[in-house]
There are 2 protein chains.
Amino acid sequence: MEGKPRPRASAREAMAGMDRLIALSLVGQHDIAQRLGLNITDLTCLGHILGAADDPLTAGELAELAGLTTGAVTGVLNRLEQAGYARRQADPGDRRRVRVVADPTAAERVSAVYEPFYGRLAGLFADYTPDEVGVLADWFTRATDLMRSSLEEIRRGSGR
Amino acid sequence: MEGKPRPRASAREAMAGMDRLIALSLVGQHDIAQRLGLNITDLTCLGHILGAADDPLTAGELAELAGLTTGAVTGVLNRLEQAGYARRQADPGDRRRVRVVADPTAAERVSAVYEPFYGRLAGLFADYTPDEVGVLADWFTRATDLMRSSLEEIRRGSGR
DNA sequence: CTAATTATCTTAGATGCTAAGGAGAATGCG
DNA sequence: CGCATTCTCCTTAGCATCTAAGATAATTAG
(Lines give C-alpha, C1' and ligand atoms only; values in the text may rest on other atoms or scores of the structure.)
Protein backbone atom coordinates (compact mmCIF):
# COMPACT_ATOMS: atom_id res chain seq x y z
CA MET A 1 0.00 0.00 0.00
CA GLU A 2 1.33 3.37 -1.05
CA GLY A 3 0.57 6.36 1.12
CA LYS A 4 0.55 9.91 -0.14
CA PRO A 5 3.98 11.39 -0.34
CA ARG A 6 4.77 13.31 2.82
CA PRO A 7 7.33 16.07 2.75
CA ARG A 8 10.65 14.97 4.15
CA ALA A 9 11.66 16.58 7.41
CA SER A 10 14.60 16.62 9.75
CA ALA A 11 14.32 15.51 13.33
CA ARG A 12 14.83 19.15 14.28
CA GLU A 13 11.88 20.27 12.23
CA ALA A 14 9.77 17.50 13.64
CA MET A 15 10.69 18.51 17.19
CA ALA A 16 9.82 22.11 16.47
CA GLY A 17 6.44 20.95 15.22
CA MET A 18 5.92 18.88 18.31
CA ASP A 19 6.83 21.87 20.47
CA ARG A 20 4.24 24.06 18.85
CA LEU A 21 1.63 21.37 19.22
CA ILE A 22 2.36 20.91 22.90
CA ALA A 23 2.39 24.64 23.57
CA LEU A 24 -0.92 25.03 21.82
CA SER A 25 -2.51 22.06 23.53
CA LEU A 26 -1.65 23.68 26.82
CA VAL A 27 -3.76 26.68 25.90
CA GLY A 28 -6.42 24.29 24.62
CA GLN A 29 -6.55 22.41 27.89
CA HIS A 30 -7.14 25.68 29.65
CA ASP A 31 -10.09 26.53 27.43
CA ILE A 32 -11.61 23.07 27.75
CA ALA A 33 -11.29 23.17 31.51
CA GLN A 34 -13.08 26.49 31.54
CA ARG A 35 -15.97 25.05 29.57
CA LEU A 36 -16.26 22.24 32.08
CA GLY A 37 -16.28 24.71 34.94
CA LEU A 38 -12.89 23.49 36.16
CA ASN A 39 -9.40 24.86 36.34
CA ILE A 40 -6.56 23.21 34.47
CA THR A 41 -5.27 21.41 37.56
CA ASP A 42 -8.65 19.87 38.25
CA LEU A 43 -9.05 18.81 34.62
CA THR A 44 -5.63 17.17 34.62
CA CYS A 45 -6.51 15.31 37.79
CA LEU A 46 -9.86 14.27 36.37
CA GLY A 47 -7.98 12.87 33.40
CA HIS A 48 -5.84 10.76 35.71
CA ILE A 49 -8.93 9.63 37.60
CA LEU A 50 -10.72 8.61 34.42
CA GLY A 51 -7.61 6.88 33.18
CA ALA A 52 -7.44 4.71 36.27
CA ALA A 53 -11.12 3.88 36.37
CA ASP A 54 -10.54 0.14 36.74
CA ASP A 55 -8.30 0.53 39.79
CA PRO A 56 -9.22 3.81 41.46
CA LEU A 57 -6.37 6.04 42.54
CA THR A 58 -5.81 7.08 46.12
CA ALA A 59 -5.55 10.76 46.89
CA GLY A 60 -1.82 10.36 47.43
CA GLU A 61 -1.28 8.59 44.10
CA LEU A 62 -3.14 11.38 42.39
CA ALA A 63 -0.91 13.96 44.07
CA GLU A 64 2.16 12.09 42.85
CA LEU A 65 0.84 11.81 39.29
CA ALA A 66 -0.16 15.45 39.09
CA GLY A 67 2.92 16.78 40.86
CA LEU A 68 0.90 18.34 43.67
CA THR A 69 1.03 18.21 47.44
CA THR A 70 -1.62 16.18 49.22
CA GLY A 71 -2.99 19.42 50.59
CA ALA A 72 -3.61 20.67 47.09
CA VAL A 73 -5.28 17.40 46.15
CA THR A 74 -7.72 17.85 49.01
CA GLY A 75 -8.85 21.04 47.31
CA VAL A 76 -8.98 19.38 43.90
CA LEU A 77 -11.20 16.59 45.22
CA ASN A 78 -13.49 19.03 47.00
CA ARG A 79 -14.02 20.90 43.76
CA LEU A 80 -14.45 17.79 41.65
CA GLU A 81 -17.01 16.43 44.13
CA GLN A 82 -18.76 19.76 44.25
CA ALA A 83 -19.01 19.82 40.46
CA GLY A 84 -20.16 16.19 40.36
CA TYR A 85 -17.24 14.77 38.39
CA ALA A 86 -15.85 12.45 41.05
CA ARG A 87 -16.30 11.40 44.63
CA ARG A 88 -14.30 10.04 47.52
CA GLN A 89 -14.79 6.41 48.44
CA ALA A 90 -13.56 4.74 51.58
CA ASP A 91 -10.90 2.13 50.99
CA PRO A 92 -12.14 -1.02 52.68
CA GLY A 93 -8.63 -2.33 53.32
CA ASP A 94 -7.08 0.83 54.77
CA ARG A 95 -9.30 3.44 56.30
CA ARG A 96 -6.70 6.15 56.08
CA ARG A 97 -6.87 5.97 52.32
CA VAL A 98 -9.31 7.78 50.11
CA ARG A 99 -10.11 6.21 46.76
CA VAL A 100 -11.22 8.58 44.08
CA VAL A 101 -13.87 7.31 41.70
CA ALA A 102 -15.21 9.17 38.71
CA ASP A 103 -18.89 9.87 38.48
CA PRO A 104 -20.48 7.57 35.87
CA THR A 105 -21.35 10.57 33.71
CA ALA A 106 -17.95 12.24 34.00
CA ALA A 107 -16.29 10.57 31.02
CA GLU A 108 -19.20 11.46 28.83
CA ARG A 109 -19.36 15.07 29.97
CA VAL A 110 -15.66 15.49 29.36
CA SER A 111 -15.78 13.78 25.97
CA ALA A 112 -18.58 16.04 24.87
CA VAL A 113 -16.34 19.07 25.28
CA TYR A 114 -13.36 17.37 23.66
CA GLU A 115 -15.54 16.25 20.76
CA PRO A 116 -14.78 19.13 18.38
CA PHE A 117 -11.10 18.30 18.76
CA TYR A 118 -11.49 14.57 18.59
CA GLY A 119 -13.83 14.55 15.64
CA ARG A 120 -11.38 16.58 13.62
CA LEU A 121 -8.40 14.61 14.82
CA ALA A 122 -10.11 11.40 13.76
CA GLY A 123 -10.63 13.00 10.37
CA LEU A 124 -6.96 13.86 10.25
CA PHE A 125 -5.93 10.30 11.06
CA ALA A 126 -8.22 9.06 8.32
CA ASP A 127 -5.93 10.79 5.88
CA TYR A 128 -3.02 8.54 6.86
CA THR A 129 -2.49 4.91 5.91
CA PRO A 130 -2.72 2.27 8.64
CA ASP A 131 1.06 1.96 8.49
CA GLU A 132 1.46 5.67 9.01
CA VAL A 133 -0.99 5.66 11.91
CA GLY A 134 1.07 2.80 13.31
CA VAL A 135 4.18 4.95 13.11
CA LEU A 136 2.41 7.80 14.89
CA ALA A 137 1.00 5.60 17.65
CA ASP A 138 4.35 3.94 18.10
CA TRP A 139 6.07 7.28 18.36
CA PHE A 140 3.56 8.61 20.90
CA THR A 141 4.07 5.58 23.11
CA ARG A 142 7.82 5.78 22.99
CA ALA A 143 7.94 9.54 23.38
CA THR A 144 5.72 9.24 26.44
CA ASP A 145 7.97 6.64 28.04
CA LEU A 146 10.99 8.72 27.25
CA MET A 147 9.45 11.85 28.66
CA ARG A 148 8.44 10.06 31.79
CA SER A 149 11.97 8.86 32.44
CA SER A 150 13.53 12.23 31.57
CA LEU A 151 11.13 13.81 33.99
CA GLU A 152 12.08 11.50 36.81
CA GLU A 153 15.70 12.26 36.11
CA ILE A 154 15.16 15.99 36.12
CA ARG A 155 13.27 15.71 39.39
CA ARG A 156 16.00 13.69 41.00
CA GLY A 157 18.55 16.11 39.62
CA SER A 158 16.93 19.05 41.34
CA GLY A 159 16.67 17.12 44.56
CA ARG A 160 12.91 16.79 44.68
CA MET B 1 14.19 2.04 2.18
CA GLU B 2 12.47 -0.34 4.55
CA GLY B 3 11.80 0.83 8.08
CA LYS B 4 11.40 -1.41 11.07
CA PRO B 5 7.95 -2.87 11.30
CA ARG B 6 5.79 -0.73 13.57
CA PRO B 7 2.81 -2.29 15.30
CA ARG B 8 -0.44 -1.38 13.60
CA ALA B 9 -2.74 0.87 15.56
CA SER B 10 -6.19 2.35 15.23
CA ALA B 11 -6.75 6.08 15.15
CA ARG B 12 -8.35 5.69 18.58
CA GLU B 13 -5.23 4.11 20.02
CA ALA B 14 -3.09 6.78 18.46
CA MET B 15 -5.26 9.51 19.96
CA ALA B 16 -5.06 7.90 23.38
CA GLY B 17 -1.30 7.87 23.05
CA MET B 18 -1.29 11.51 22.08
CA ASP B 19 -3.47 12.33 25.06
CA ARG B 20 -1.07 10.72 27.48
CA LEU B 21 1.83 12.53 25.91
CA ILE B 22 0.11 15.88 26.19
CA ALA B 23 -0.93 15.27 29.78
CA LEU B 24 2.60 14.31 30.68
CA SER B 25 4.18 17.22 28.86
CA LEU B 26 2.04 19.52 30.96
CA VAL B 27 3.65 18.17 34.11
CA GLY B 28 7.01 18.34 32.34
CA GLN B 29 6.57 22.01 31.48
CA HIS B 30 5.86 22.68 35.10
CA ASP B 31 9.08 21.01 36.21
CA ILE B 32 11.15 22.76 33.58
CA ALA B 33 9.72 26.11 34.55
CA GLN B 34 10.64 25.44 38.15
CA ARG B 35 14.23 24.71 37.20
CA LEU B 36 14.38 28.04 35.36
CA GLY B 37 12.99 29.82 38.39
CA LEU B 38 9.75 30.60 36.57
CA ASN B 39 6.15 29.54 36.78
CA ILE B 40 4.44 27.78 33.90
CA THR B 41 2.73 30.95 32.68
CA ASP B 42 6.01 32.83 32.50
CA LEU B 43 7.69 29.95 30.67
CA THR B 44 4.88 29.81 28.14
CA CYS B 45 5.18 33.54 27.59
CA LEU B 46 8.94 33.31 27.27
CA GLY B 47 8.36 30.67 24.61
CA HIS B 48 6.19 33.09 22.67
CA ILE B 49 8.76 35.85 23.12
CA LEU B 50 11.58 33.67 21.86
CA GLY B 51 9.44 32.49 18.98
CA ALA B 52 8.85 36.04 17.81
CA ALA B 53 12.43 37.20 18.22
CA ASP B 54 12.62 38.72 14.74
CA ASP B 55 9.55 40.91 15.24
CA PRO B 56 9.20 41.50 18.99
CA LEU B 57 5.73 41.12 20.45
CA THR B 58 3.95 43.92 22.22
CA ALA B 59 2.62 43.30 25.70
CA GLY B 60 -0.89 43.15 24.35
CA GLU B 61 -0.03 40.63 21.66
CA LEU B 62 1.58 38.46 24.27
CA ALA B 63 -1.56 38.64 26.40
CA GLU B 64 -3.64 37.54 23.43
CA LEU B 65 -1.31 34.67 22.58
CA ALA B 66 -1.13 33.41 26.13
CA GLY B 67 -4.79 33.90 26.89
CA LEU B 68 -4.08 36.35 29.71
CA THR B 69 -5.29 39.81 30.64
CA THR B 70 -2.92 42.70 30.09
CA GLY B 71 -2.75 43.08 33.85
CA ALA B 72 -1.43 39.56 34.18
CA VAL B 73 1.13 40.23 31.45
CA THR B 74 2.46 43.17 33.43
CA GLY B 75 3.30 40.71 36.18
CA VAL B 76 4.79 38.22 33.73
CA LEU B 77 7.08 40.88 32.26
CA ASN B 78 8.12 42.11 35.68
CA ARG B 79 9.15 38.59 36.65
CA LEU B 80 10.87 37.86 33.35
CA GLU B 81 12.82 41.12 33.60
CA GLN B 82 13.67 40.45 37.21
CA ALA B 83 15.00 37.00 36.27
CA GLY B 84 16.88 38.42 33.29
CA TYR B 85 15.09 36.51 30.53
CA ALA B 86 13.54 39.47 28.78
CA ARG B 87 13.15 43.21 28.97
CA ARG B 88 10.74 45.90 27.90
CA GLN B 89 11.74 48.12 25.02
CA ALA B 90 10.06 51.33 23.99
CA ASP B 91 8.32 51.18 20.64
CA PRO B 92 9.66 54.12 18.61
CA GLY B 93 6.50 54.40 16.53
CA ASP B 94 3.93 54.29 19.32
CA ARG B 95 4.94 55.23 22.80
CA ARG B 96 1.97 53.49 24.38
CA ARG B 97 3.34 50.18 23.24
CA VAL B 98 5.84 48.03 25.03
CA ARG B 99 7.91 45.67 22.92
CA VAL B 100 9.21 42.63 24.67
CA VAL B 101 12.65 41.43 23.66
CA ALA B 102 14.36 38.33 24.93
CA ASP B 103 17.70 38.61 26.63
CA PRO B 104 20.43 37.34 24.30
CA THR B 105 21.21 34.51 26.70
CA ALA B 106 17.59 33.48 27.28
CA ALA B 107 17.29 30.97 24.46
CA GLU B 108 20.45 29.26 25.57
CA ARG B 109 19.45 29.12 29.22
CA VAL B 110 16.09 27.64 28.31
CA SER B 111 17.59 25.13 25.90
CA ALA B 112 20.01 23.95 28.53
CA VAL B 113 17.15 22.84 30.73
CA TYR B 114 15.26 21.27 27.85
CA GLU B 115 18.39 19.48 26.77
CA PRO B 116 17.76 16.17 28.58
CA PHE B 117 14.43 15.96 26.81
CA TYR B 118 15.66 17.10 23.45
CA GLY B 119 18.72 14.93 23.43
CA ARG B 120 16.65 11.87 24.06
CA LEU B 121 13.97 12.91 21.62
CA ALA B 122 16.61 13.34 18.94
CA GLY B 123 17.74 9.83 19.76
CA LEU B 124 14.21 8.61 19.39
CA PHE B 125 13.82 10.24 15.99
CA ALA B 126 17.06 8.64 14.90
CA ASP B 127 15.29 5.33 15.21
CA TYR B 128 12.84 6.26 12.48
CA THR B 129 13.44 6.42 8.75
CA PRO B 130 13.43 9.82 7.03
CA ASP B 131 10.06 8.91 5.54
CA GLU B 132 8.68 8.13 8.95
CA VAL B 133 10.05 11.36 10.42
CA GLY B 134 8.37 13.09 7.50
CA VAL B 135 5.06 11.51 8.46
CA LEU B 136 5.50 12.64 12.05
CA ALA B 137 6.46 16.21 11.14
CA ASP B 138 3.60 16.39 8.69
CA TRP B 139 1.17 15.19 11.29
CA PHE B 140 2.42 17.66 13.90
CA THR B 141 1.96 20.54 11.52
CA ARG B 142 -1.51 19.52 10.50
CA ALA B 143 -2.60 18.67 14.01
CA THR B 144 -1.40 22.08 15.16
CA ASP B 145 -3.39 23.89 12.48
CA LEU B 146 -6.41 21.81 13.27
CA MET B 147 -6.12 22.43 16.97
CA ARG B 148 -5.74 26.14 16.42
CA SER B 149 -8.94 26.33 14.40
CA SER B 150 -10.87 24.09 16.80
CA LEU B 151 -9.74 26.33 19.60
CA GLU B 152 -10.96 29.45 17.89
CA GLU B 153 -14.26 27.75 17.29
CA ILE B 154 -14.60 26.67 20.91
CA ARG B 155 -13.81 30.19 22.03
CA ARG B 156 -16.38 31.70 19.76
CA GLY B 157 -18.86 29.05 20.87
CA SER B 158 -18.53 30.06 24.50
CA GLY B 159 -18.92 33.69 23.61
CA ARG B 160 -15.41 34.83 24.38
C1' DC C 1 0.67 -2.03 74.30
C1' DT C 2 3.54 1.70 72.63
C1' DA C 3 6.15 4.00 69.22
C1' DA C 4 6.86 4.93 64.62
C1' DT C 5 4.99 5.40 60.18
C1' DT C 6 1.53 6.43 56.75
C1' DA C 7 -2.43 8.92 54.41
C1' DT C 8 -5.26 12.64 54.30
C1' DC C 9 -6.90 17.01 55.90
C1' DT C 10 -6.31 21.72 57.96
C1' DT C 11 -4.24 26.11 58.33
C1' DA C 12 -1.40 30.15 57.29
C1' DG C 13 0.93 32.50 54.08
C1' DA C 14 2.51 33.27 49.29
C1' DT C 15 1.63 33.61 44.46
C1' DG C 16 -0.56 34.90 40.46
C1' DC C 17 -4.97 35.40 38.25
C1' DT C 18 -9.17 38.50 36.78
C1' DA C 19 -12.00 42.66 36.63
C1' DA C 20 -12.27 47.30 36.86
C1' DG C 21 -10.40 51.46 36.38
C1' DG C 22 -6.44 55.05 35.66
C1' DA C 23 -2.76 57.52 33.04
C1' DG C 24 -0.52 58.62 29.02
C1' DA C 25 -0.35 58.46 23.94
C1' DA C 26 -2.51 58.23 19.44
C1' DT C 27 -6.40 59.11 16.38
C1' DG C 28 -10.50 61.13 14.22
C1' DC C 29 -13.72 64.61 13.35
C1' DG C 30 -15.81 69.16 13.48
C1' DC D 1 -6.28 73.14 15.86
C1' DG D 2 -9.16 71.42 19.96
C1' DC D 3 -11.50 67.96 22.09
C1' DA D 4 -13.52 63.58 22.59
C1' DT D 5 -12.61 58.84 21.74
C1' DT D 6 -9.86 54.97 21.53
C1' DC D 7 -5.93 52.35 22.53
C1' DT D 8 -2.15 50.31 25.38
C1' DC D 9 -0.22 49.26 29.41
C1' DC D 10 -0.18 49.55 34.41
C1' DT D 11 -2.35 49.61 39.12
C1' DT D 12 -5.38 48.04 42.56
C1' DA D 13 -8.56 45.06 45.10
C1' DG D 14 -10.29 40.75 45.61
C1' DC D 15 -10.24 35.89 44.75
C1' DA D 16 -8.57 31.15 43.73
C1' DT D 17 -5.23 27.86 44.50
C1' DC D 18 -0.67 26.48 45.56
C1' DT D 19 3.03 25.02 49.17
C1' DA D 20 4.84 24.04 53.80
C1' DA D 21 4.05 22.69 58.17
C1' DG D 22 1.61 20.42 61.32
C1' DA D 23 -2.83 17.95 63.13
C1' DT D 24 -5.59 13.83 63.07
C1' DA D 25 -6.66 9.21 62.49
C1' DA D 26 -5.36 4.55 60.96
C1' DT D 27 -1.88 1.09 60.37
C1' DT D 28 2.31 -1.40 61.25
C1' DA D 29 6.50 -2.76 63.79
C1' DG D 30 8.84 -3.84 67.92
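A, B, ... follow the sequence lines: proteins, then strands. Residue 1 opens every chain.
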Look at the side chain of [X] and decide which nucleotide, out of [options], has an atom nearest to it.
X      : options                   : answer
R95(A) : dC9(D), dC9(C), dA26(D)   : dA26(D)
D94(B) : dT11(D), dA26(C), dT8(D)  : dA26(C)
L68(A) : dC18(D), dA26(C), dT27(D) : dC18(D)
A72(A) : dT6(C), dC18(D), dA19(C)  : dC18(D)
V76(A) : dT17(D), dG16(C), dC18(D) : dC18(D)
T41(A) : dG16(C), dC18(D), dC10(D) : dC18(D)

>> Base of dC7(D), side chain of R96(B) - is there a donor-acceptor contact under 3.5 Å?
In response: yes
>> At less than 3.5 Å, do the side-chain atoms of T70(B) and the base atoms of dC10(D) form a donor-acceptor pair?
In response: yes
What is the distance, rounded to the nearest whole Å, between atom [atom1] of [X] and atom [atom2] of [N]?
X      : N       : atom1 : atom2 : value
E61(A) : dT8(C)  : CD    : P     : 8 Å
R97(B) : dC7(D)  : CZ    : C1'   : 9 Å
L57(A) : dA7(C)  : CG    : P     : 14 Å
N78(B) : dC17(C) : CG    : C1'   : 14 Å
R99(B) : dA25(C) : CZ    : C1'   : 15 Å
L80(B) : dG16(C) : CG    : P     : 11 Å
N39(B) : dT17(D) : CG    : P     : 16 Å
D91(A) : dT6(C)  : CG    : C1'   : 13 Å

> How far apart are the closest heavy atoms of A9(B) and A137(A), and which atoms are they?
Replying inline: CB-CB, 3.4 Å
> Should the heavy atoms of other residues, nucleotides or ligands under 6.0 Å from CD of E64(A) be counted, would the total exceed 12?
Replying inline: no
>> For dT8(C) and T58(A) - does any side-chain N or O of the residue sit under 4.0 Å from the phosphate oxygens OP1/OP2?
In response: yes
Does [X] make a cation-pi contact with [Y], if we ask for NZ or CZ under 6.0 Å from the ring centre and within 45° of the axis?
X       : Y       : result
R109(A) : Y85(A)  : yes
R6(B)   : Y128(B) : yes
R12(A)  : F125(B) : no

>> Just to be sure I understand the rule, does G71(A) reach a base, reach only the sugar-phosphate, or reach nothing, if contact means heavy atoms closer than 4.0 Å?
In response: base
> Hey, does R88(A) reach any base, or is it just sugar-phosphate, or nothing, if we go heavy atoms under 4.0 Å?
Replying inline: sugar-phosphate
>> Judged by each residue's nearest nucleotide on DNA chain D, which is more toward the 5′ side, G93(A) or L38(A)?
In response: L38(A)
